[in-house]
Protein chains: 2
Amino acid sequence: MRISKINKMHNLSKNQQIIFDLIDKSSEPLKAYAILFNVQKKGIKAPLQVYRALDKLVEIGKIHKIESRNAFIACHNSSCQVAKATAFSICEICEKVTEISSAGLSKYLANFKDKDGMKYSKYNLEFFGLCKKCR
Amino acid sequence: MRISKINKMHNLSKNQQIIFDLIDKSSEPLKAYAILFNVQKKGIKAPLQVYRALDKLVEIGKIHKIESRNAFIACHNSSCQVAKATAFSICEICEKVTEISSAGLSKYLANFKDKDGMKYSKYNLEFFGLCKKCR
DNA sequence: TAATGTTTTGTTATATTATAACAATGTGTA
DNA sequence: TACACATTGTTATAATATAACAAAACATTA
Ligand SMILES: [Zn+2]
Ligand SMILES: [Zn+2]
Ligand SMILES: [Zn+2]
Ligand SMILES: [Zn+2]
């Protein structure tokens, strides 16, 4: 199978694929300029090339941005291929980040109504604490 | 009552008080450099002076940071004078931000356990949608 | 194939957000 | 007073992100 065919399956362009692969195989969230440094040998030279790929990957739900850390991780939660409802746990010592996949939590938040009765289908939740190792 | 006395009540230093007052009277979240611009006439000239005050104000729970917007709002929720559990609704059109004060929500999140049975007392939740006006 | 619109890329420059390092001053308390 | 500690002032710099424009690649269909 040709690479272009594989890319088409995932709807990823060349730069998007390079950057997704890097994030996907990383064991920790990656920052934009760390990504840039890592992909320079593959011909991606400018910040904007990285940010454009990141924007697209977030938009299609392949990666998520950890807002409090300005960093990106791959989504391993098959139920959130659209980037609209995310939850993470973040260790305040080692900065390990894990995506939380909880049917109960997502149901609760998707059904949450504020004082005006307003419901929100899109949210981002970041829990902070100490991971197993750091406790 | 002297100003120094008032400051003492709130434990705010001069710069902290100036910056808190500005944020507190603002109807929208303020960004650090917008704050800097606004307080230059009061003698605060450098970014670091702003960031130091912001850090302290966040730490003592007088203000919160809206992570997805890099902006700050005053806390009007008497139950969260320590900055550890925050929830906001954010309008994706007009960028209006409201702090959510829901006993049910905070109870649910404070008691939430992940797959490993881990509880998190600190979290930040950002809901996105359209406010009343923008709907 | 050729024409067309759309997405992606490449590139330079610049804007925005945030911290490092160090010296000086103020504040509370013993 | 003397001491510890928090706060301030200042310059420089690091880190994060976008503007603007031109060229190339890709998809759709005439
Ligand atoms: Zn996900
Ligand atoms: Zn840890
Ligand atoms: Zn609050
Ligand atoms: Zn609105």
Side-chain angles (χ1 to χ4, degrees), chain A residues 2-23 28-60 62-73 95 97, chain B residues 2-23 28-73 95 97 124:
Chain A
R2 297 189 324 280
I3 289 175
S4 62
K5 187 76 177 181
I6 295 173
N7 286 345
K8 203 174 176 185
M9 282 171 54
H10 293 215
N11 275 323
L12 296 188
S13 71
K14 187 181 107 234
N15 287 0
Q16 288 159 16
Q17 189 71 54
I18 290 169
I19 287 169
F20 175 72
D21 287 344
L22 180 68
I23 297 172
E28 57 185 7
L30 294 179
K31 303 191 140 212
Y33 278 72
I35 292 168
L36 175 58
F37 180 79
N38 270 280
V39 298
Q40 275 177 335
K41 51 185 163 298
K42 305 216 171 180
I44 296 175
K45 295 173 188 167
L48 196 46
Q49 296 175 289
V50 172
Y51 280 105
R52 283 196 285 227
L54 290 173
D55 284 351
K56 189 70 177 185
L57 291 168
V58 166
E59 184 189 323
I60 64 179
K62 301 282 291 181
I63 65 172
H64 301 303
K65 182 174 185 181
I66 311 300
E67 292 286 357
S68 67
R69 300 299 188 259
N70 299 316
F72 301 84
I73 64 170
E95 293 293 322
V97 173
Chain B
R2 295 188 327 279
I3 288 177
S4 62
K5 186 78 179 180
I6 294 173
N7 286 346
K8 202 174 176 185
M9 281 171 54
H10 294 219
N11 275 322
L12 297 188
S13 70
K14 187 181 108 236
N15 288 0
Q16 289 160 14
Q17 189 71 53
I18 289 169
I19 287 170
F20 175 72
D21 286 345
L22 180 69
I23 297 172
E28 57 186 6
L30 294 179
K31 302 191 139 212
Y33 278 73
I35 292 167
L36 176 58
F37 180 81
N38 269 280
V39 298
Q40 274 176 336
K41 51 185 163 299
K42 305 216 170 180
I44 295 176
K45 295 173 188 168
L48 197 46
Q49 293 174 290
V50 173
Y51 279 104
R52 283 196 284 226
L54 290 173
D55 284 351
K56 190 69 179 185
L57 291 168
V58 165
E59 184 189 323
I60 63 179
K62 300 282 289 181
I63 66 173
H64 301 303
K65 182 174 185 180
I66 312 300
E67 292 286 357
S68 66
R69 301 299 187 260
N70 299 315
F72 300 85
I73 63 172
E95 294 291 324
V97 173
N124 180 53

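In this text the structure is predicted, and so the values were computed from the model without any measurement. Within every chain, numbering begins at 1; the chains are lettered A, B, ... in the order of the sequence lines, protein sequences first and strands thereafter.
Rounded to whole angstrom, the span from the OH atom of B:Y51 across to the C1' atom of D:dA15 amounts to 11 Å. When rounded to the nearest whole Å, the span between NZ of B:K42 and C1' of D:dT8 equals 17 Å. The distance between atom CG of A:N15 and atom P of C:dT7, rounded to the nearest whole Å, is 17 Å. In this entry the distance linking CZ of B:R69 with C1' of C:dT17 reads 16 Å, nearest Å. Summarising the geometry, the separation between CG on B:D55 and P on C:dT19 is reported as 6 Å, rounded to the nearest angstrom. Counting to the nearest Å, the P atom of C:dT8 and the CG atom of A:L12 are 10 Å from each other. Atom CG of A:L54 is separated from atom P of C:dT9 by 12 Å (rounded to the nearest Å). The separation between A:R52 atom CZ and C:dG10 atom P is 9 Å, rounded to whole Å.
Proximity of a side-chain donor or acceptor of A:Q16 to a complementary backbone N or O of A:S13 within less than 3.5 Å is detected. With A:Q17 contributing its side chain and A:K14 its backbone, the two residues share no donor-acceptor pair below 3.5 Å.
Look at B:Q49 and you won't find any side-chain N or O under 4.0 angstrom from OP1 or OP2 of D:dT8. For B:S13 and C:dG26, the shortest distance from a side-chain N or O to OP1 or OP2 is not below 4.0 Å. OP1 and OP2 of D:dA6 both lie 4.0 Å or more from every side-chain N or O belonging to B:N11. OP1 or OP2 of D:dT7 sits under 4.0 Å from a side-chain N or O of B:K56. Side-chain nitrogen and oxygen atoms of B:N70 include at least one within less than 4.0 Å of the OP1 or OP2 phosphate oxygen of C:dA18. Note on B:K14: every side-chain N or O is 4.0 Å or more away from OP1 and OP2 of C:dT25.
With the nearest nucleotide of DNA chain C identified for both B:L48 and A:A46, A:A46 has the one nearer the 5' end. When each of B:P47 and B:I44 is assigned the nucleotide of DNA chain D bearing its nearest heavy atom, the one mapping closer to the 5' terminus is B:I44.
Scanning residues 30-38 of chain A for heavy-atom distances under 4.0 Å to DNA chain D yields A:K31, A:Y33.
A:K31 and A:A71 get closest at one heavy-atom pair: CG-CB, 4.2 Å. A:I23 and A:L54 get closest at one heavy-atom pair: CD1-CD2, 3.7 Å. Across all non-hydrogen atoms, the minimal contact from A:I19 to A:A53 is CD1-CB, 3.6 Å.
Tested against A:K65 for a side chain to side chain contact (heavy atoms under 4.5 Å, CB included), the candidates A:N70, A:D55, A:L57 yield a single pass: A:N70. Just one residue in the list B:I35, B:L30, B:L36 forms a side chain to side chain contact (heavy atoms under 4.5 Å, CB included) with B:Y33, and that residue is B:L36.
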